[in-house]
Amino acid sequence: PLILFFITVITTLFAGALQQGINPLKEFSRLWEGYPFSVSIITILLGHEMGHYFASKAHRTKATLPYFIPAPSIIGTFGAFIKMKSPILTRKALIDIGATGPLIGFVLSLIACVAGLNMSKIVSLKSEESVFILGDSILFSFLVKFILGSIPSEQDVLLHPVAFAGWIGLFVTSMNLLPAGQLDGGHIAYALFGRKHFYISRTVVFRIAVLG
């Protein structure tokens, strides 16, 4: 876990530097400038997984420390996970373990969004410019309007790396809460509905496929 953590620190620093227009392959000494994104995204992921870990300890369920997954991508990681080493014996334990991670991850993501949006800029968009535009959840759209006000159609928000990490955190949390399979939402659904989880999970996957 420790080795994977340090590798992920490097890959997220790399991603954070790229977001600021720095090519670490040519300017390796400036790799550290990616720290706003790196620290934010790792804090969100670590908080999420440690929520699972400490909830497991509280219910006397054996679990590993978080395994981070480094990746050569725009966010530098594929996330993190912990491995359960013993059975979860009660519904209460399953709900607590499944829900604590997303709750902590959500709070940390919200803090990152608020802090990052306060450091973000409103920029003009030209029709000929090639830009990378993110979709906005209802919550993120509300935060943008509350913090930055109404944005004219010919302008958009240039997200600070901390805000981008918060956006990623909200996205990952929402995906993780889908009541399907081995996702956190799947564990919560199983604790609440028992064997009906089988049908709930497959219905959710089918509907997502149709919407896609």
Side-chain angles (χ1 to χ4, degrees), residues 1-53 63-84 101-102 104-113 115-117 119-121 123 125 129-137 140 156-178 180-186 205 208-209 211-212:
L2 195 59
I3 292 171
L4 286 171
F5 175 79
F6 281 118
I7 295 174
T8 305
V9 168
I10 299 298
T11 55
T12 52
L13 279 171
F14 197 97
L18 286 175
Q19 291 169 28
Q20 300 193 59
I22 301 167
N23 186 348
L25 294 177
K26 296 180 179 179
E27 301 174 278
F28 187 76
S29 62
R30 299 184 65 189
L31 178 67
W32 68 272
E33 294 184 37
Y35 80 89
F37 175 78
S38 178
V39 170
S40 301
I41 194 69
I42 284 181
T43 299
I44 292 168
L45 294 175
L46 184 62
H48 182 121
E49 296 307 325
M50 292 308 290
H52 291 316
Y53 179 81
T64 66
L65 289 170
Y67 290 94
F68 279 79
I69 309 172
S73 66
I74 193 172
I75 62 173
T77 178
F78 285 140
F81 68 94
I82 65 170
K83 184 178 180 181
M84 312 307 295
I104 294 176
F106 170 75
V107 171
L108 292 173
S109 298
L110 195 61
I111 293 171
C113 286
L117 283 171
M119 295 184 284
S120 298
K121 299 176 182 178
V123 296
L125 294 177
E129 285 183 328
S130 177
V131 293
F132 181 66
I133 298 177
L134 301 171
D136 289 341
S137 64
F140 196 82
D156 207 346
V157 180
L158 180 62
L159 290 181
H160 187 275
V162 173
F164 181 52
W167 186 95
I168 294 293
L170 291 180
F171 176 75
V172 170
T173 300
S174 65
M175 291 290 289
N176 224 344
L177 284 174
L178 289 172
Q182 292 296 311
L183 297 173
D184 292 336
V205 173
I208 289 174
L211 289 171

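Quick note: numbers below take in every heavy atom, side chains included, and nothing from hydrogens, waters or symmetry partners.
When all heavy atoms are compared, the tightest approach of His160 to Ser120 is N-OG, 2.9 Å. Across all their heavy atoms, Ala15 and Ile74 have their closest contact at CB-O, 3.4 Å. Closest approach of Cys113 to Trp167, counting heavy atoms only: SG-N, 3.8 Å. Nearest heavy-atom pair across Leu170 and Ser109 is N-OG, 3.6 Å.
Between Val123 and Val157, every side-chain heavy-atom pair lies at or beyond the 4.5 Å cut-off. Between Ile10 and Pro70 there is no side-chain heavy-atom pair separated by less than 4.5 Å. Leu46 is listed as a side-chain neighbour of Pro66, based on a closest heavy-atom distance under 4.5 Å. Put simply, the side chain of Ile168 reaches to within 4.5 Å of the side chain of Ile41, judged on heavy atoms. Using a 4.5 Å heavy-atom threshold, the side chains of Ile104 and Leu108 count as touching.
By the side-chain contact (heavy atoms from CB on, under 4.5 Å) test, Phe6 is found to be paired with Leu2, residues two or more places apart in sequence or in another chain being considered. For Phe78, there are no ring-ring contact (aromatic ring centres under 6.0 Å, His included) partners two or more places apart in sequence or in a different chain. Under the side-chain hydrogen bond (donor to acceptor under 3.5 Å, both in side chains) criterion, Gln20 pairs with no residue, sequence neighbours left out. Not counting sequence neighbours, the partners of Ser40 by the side-chain contact (heavy atoms from CB on, under 4.5 Å) test are Val162, Ala165. Residues meeting the side-chain hydrogen bond (donor to acceptor under 3.5 Å, both in side chains) test with Gln19, sequence neighbours left out: none. Leu25 pairs by the side-chain contact (heavy atoms from CB on, under 4.5 Å) definition with Phe14, Asn23, not counting sequence neighbours. Partners of Phe68 according to the ring-ring contact (aromatic ring centres under 6.0 Å, His included) rule, which considers only residues two or more places apart in sequence or in another chain, are Phe5. Remark: Leu183 engages Asn176, Leu178 in a side-chain contact (heavy atoms from CB on, under 4.5 Å) (not counting sequence neighbours).
Around atom CE of Met119, more than 12 heavy atoms belonging to other residues, nucleotides or ligands sit under 6.0 Å away.
Pairs of residues two or more places apart, or lying in two chains, never qualify as side-chain hydrogen bond (donor to acceptor under 3.5 Å, both in side chains) while including a residue from residues 64-77. Among residue pairs with one or both ends in residues 5-15, those qualifying as side-chain hydrogen bond (donor to acceptor under 3.5 Å, both in side chains) are Thr12-Ser38; sequence neighbours excluded.
The aromatic rings of His48 and His52 sit perpendicular, their planes meeting at an angle over 60°, well past the 30° parallel limit.
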Take Ile3 and Ile7, measure what side chain to side chain contact (heavy atoms under 4.5 Å, CB included) needs, and give me the verdict at the end. CA-CA 6 Å; Ile3 292 171; Ile7 295 174; 3.9 Å; yes
Checking Ile42 against Val9 for the side chain to side chain contact (heavy atoms under 4.5 Å, CB included) test, could you report, in this order, the C-alpha distance in whole Å, the side-chain angles of both residues, the deciding distance, and whether it holds? CA-CA 8 Å; Ile42 284 181; Val9 168; 3.6 Å; yes
Stepwise side chain to side chain contact (heavy atoms under 4.5 Å, CB included) test for Leu159 and Leu117: CA-CA 7 Å; Leu159 290 181; Leu117 283 171; 3.8 Å; yes
Indicate every side-chain donor-acceptor pair of residues 29-37 with a distance under 3.5 Å to a residue at least two apart or in another chain.
{"unit_1": "Arg30", "atom_1": "NE", "unit_2": "Glu33", "atom_2": "OE2", "d": "2.8"}
{"unit_1": "Arg30", "atom_1": "NH1", "unit_2": "Glu27", "atom_2": "OE2", "d": "3.3"}
{"unit_1": "Arg30", "atom_1": "NH2", "unit_2": "Glu33", "atom_2": "OE1", "d": "3.2"}
{"unit_1": "Trp32", "atom_1": "NE1", "unit_2": "Ser29", "atom_2": "O", "d": "3.4"}

